[in-house]
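Notes for the one structure printed next.
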Amino acid sequence: MDLAWRQAIDIVIDELMRLPQLSVVGTPTSTDWGDSPIQSTIFTSTSHGVYNTPIDVYALHACGEGMDYYLVDTGGDWTATQARFESAAADPGKTAQIIVGADHVLQVDWQSGRGACQGGGAVFFSGAQRICRYMNYPLSYEVFIQPPVGPEVTQIEAKPSGTQGRSASYRSGFSFTIGGGVNVSGKGPSAGVQAGISWSNSVQTTVPPMVIDAGDTINEGASTKYKYCTVGTTLENCTSTIQMVGASGACRRFVVGEPQNGQTPNGRLSDVAQTVYWRVDPATYDGETFDITVTFKVDLATSTADLWYGHFVNPGGIRGYTGPNGHCNQFGCNCGLLQTSSIQRLDHTFKVPFPSSTQCPSDTGT
């Protein structure tokens, strides 16, 4: 009897000392990895528009493989709230909103709206002078996601991918599972040791019509570019600046054209998503953290059209004044749009601690 009791006690002690099994009979239980980001931030800018880009970073160690996994998921809601038309005129018999100052510098009393954005038939013969500009409108948005140089990084998947033609919708995101036991970094219901992890963020997104160009960058990074097209439908022939339209009669009827839907304050680009997924060999780490850099850029433009014939008429009688003037054709009128642009850029580097393998069960090989 004593021997039987001792054997029973030994069995109980052995079972209590055994690390938990992460595999189960039948289908393994997989928790949602998206519940436990290890780090998060939001790019927010109200300069020349409203741009909000949430970013979440995920990390885990796959016990059975002895490999680490990282995933970066970004979204965005971007609206060109400050895009607007302004114009001015110096028509004969009317109060001039375009003058030349004593310093020979052109001075424009810009008026809200596009009232002077059309040349009209009178501009060719009467000496009417008009100027028009469209300000603070986006040519494109870009998101870059870059892993550190040094570790052995393999990009498993990134979406959206490839170059797509001009479209008002696209599908992004992907789904996968990791079984065999994982140790999830971060906070949330799926953090810690789990039997398996699942991920799914596949969505159909509606956007203002644009060309979406996505691909890889150096060191297995990913990039996505959303580009508006006022001319063209593919990445190769897309022009994002607004156009001069309605040409007729030696540019007397040139008109500054319309921007694309997403280039206006009421055209919102929302619910976009870019996701990249990497596998990393822990034996190749250098340093103490896995540094992931995310960059958001918007290329903003202002296009200005000088709608007058020949030389600007000098209202102040300044001796020696010679400009401004334009010569788009033999008649001397200026029908072009002068474009200036500026890049609004936001960067953030996530210093992600390496996922831990110390809590992996010994019977999984790590």
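The residue from D68, L71, V72 that alone fulfils the side-chain contact (heavy atoms from CB on, under 4.5 Å) condition with W278 is V72. For the ring pair (Phe, Tyr, Trp, His ring centres under 6.0 Å) with Y70, the qualifying choice from F290, F354, Y58 is F290, the only one to do so.
Here CZ of R130 is found 13.5 Å from CZ of R114. Values are rounded to the nearest 0.5 Å. Note: N52 CG to I42 CD1 = 7.0 Å, rounded to the nearest 0.5 Å. Atom-to-atom distance recorded for I145:CD1 and T293:OG1 is 11.0 Å, nearest 0.5 angstrom. In this structure, SG on C117 lies 9.5 Å from CD on E258, to the nearest 0.5 angstrom. Summarising the geometry, atom OG belonging to S140 is positioned 9.0 Å from atom CG belonging to L300; distances are rounded to the nearest 0.5 Å.
In this structure, the side-chain hydrogen bond (donor to acceptor under 3.5 Å, both in side chains) partners of T358, at least two apart in sequence or on a different chain, are S356. Y228 pairs by the ring pair (Phe, Tyr, Trp, His ring centres under 6.0 Å) definition with nothing, not counting sequence neighbours. Residues satisfying the salt bridge (Lys or Arg N to Asp or Glu O under 4.0 Å) criterion with E152, sequence neighbours excluded, are absent altogether. Partners of Q339 by side-chain hydrogen bond (donor to acceptor under 3.5 Å, both in side chains), not counting sequence neighbours: none found.
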Side chains of residues 262-276: which donor-acceptor pairs under 3.5 Å do they make with residues two or more places apart or in other chains?
{"unit_1": "Q263", "atom_1": "OE1", "unit_2": "Q260", "atom_2": "N", "d": "2.8"}
{"unit_1": "Q263", "atom_1": "NE2", "unit_2": "P138", "atom_2": "O", "d": "2.9"}
{"unit_1": "Q263", "atom_1": "NE2", "unit_2": "S240", "atom_2": "O", "d": "3.0"}
{"unit_1": "T264", "atom_1": "OG1", "unit_2": "N261", "atom_2": "O", "d": "2.8"}
{"unit_1": "T264", "atom_1": "OG1", "unit_2": "N266", "atom_2": "OD1", "d": "2.6"}
{"unit_1": "T264", "atom_1": "OG1", "unit_2": "G267", "atom_2": "N", "d": "3.4"}
{"unit_1": "R268", "atom_1": "NH2", "unit_2": "D77", "atom_2": "OD1", "d": "3.4"}
{"unit_1": "Q274", "atom_1": "OE1", "unit_2": "T74", "atom_2": "OG1", "d": "2.3"}
{"unit_1": "Q274", "atom_1": "NE2", "unit_2": "Y226", "atom_2": "OH", "d": "2.5"}
{"unit_1": "T275", "atom_1": "OG1", "unit_2": "D73", "atom_2": "OD1", "d": "2.6"}
{"unit_1": "T275", "atom_1": "OG1", "unit_2": "N201", "atom_2": "ND2", "d": "2.8"}

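For E220 (side chain) and T154 (main-chain N/O), no donor-acceptor pair under 3.5 Å exists by modelled atom type. Under a 3.5 Å cut-off, the side chain of T289 and the backbone N or O of D291 do not form any donor-acceptor pair. A donor-acceptor contact shorter than 3.5 Å is absent between the side chain of E142 and the backbone of S223. Remark: the backbone N or O of T241 is not paired with any side-chain donor or acceptor of T239 at under 3.5 angstrom.
Side chains of R133 and W110 form a contact here, defined as non-hydrogen atoms less than 4.5 Å apart. When side chains are defined from C-beta on, V256 counts as touching M244, because their heavy atoms get closer than 4.5 Å. Counting heavy atoms from C-beta on, the side chains of I292 and Q146 never come closer than 4.5 Å.
Classified by interplanar angle (parallel below 30°, tilted 30° to 60°, perpendicular above 60°), the ring pair Y277/W33 is perpendicular. Ring pair Y134/Y137 is tilted by interplanar angle, where 30° to 60° counts as tilted.
Ring centroids of Y69 and W199 are separated by 6.0 Å or more, keeping the two rings apart.
Side-chain heavy-atom separations under 4.5 angstrom define the hydrophobic clusters, and the remaining members of the one that includes V211 are L235.
In this structure, a donor-acceptor pair under 3.5 Å is present between the side chains of D109 and Q111. Looking at T177 and S198, their side chains never bring a donor and an acceptor atom within 3.5 Å of each other. Between the side chains of S36 and S190, at least one donor-acceptor pair of N or O atoms lies under 3.5 Å.
Nearest heavy atom pair, residue V182 against residue A62, reads CG1-CA, 4.2 Å.
Note on I38: it clusters hydrophobically with F350, by side-chain heavy-atom contacts below 4.5 Å among ILVMFWY residues.
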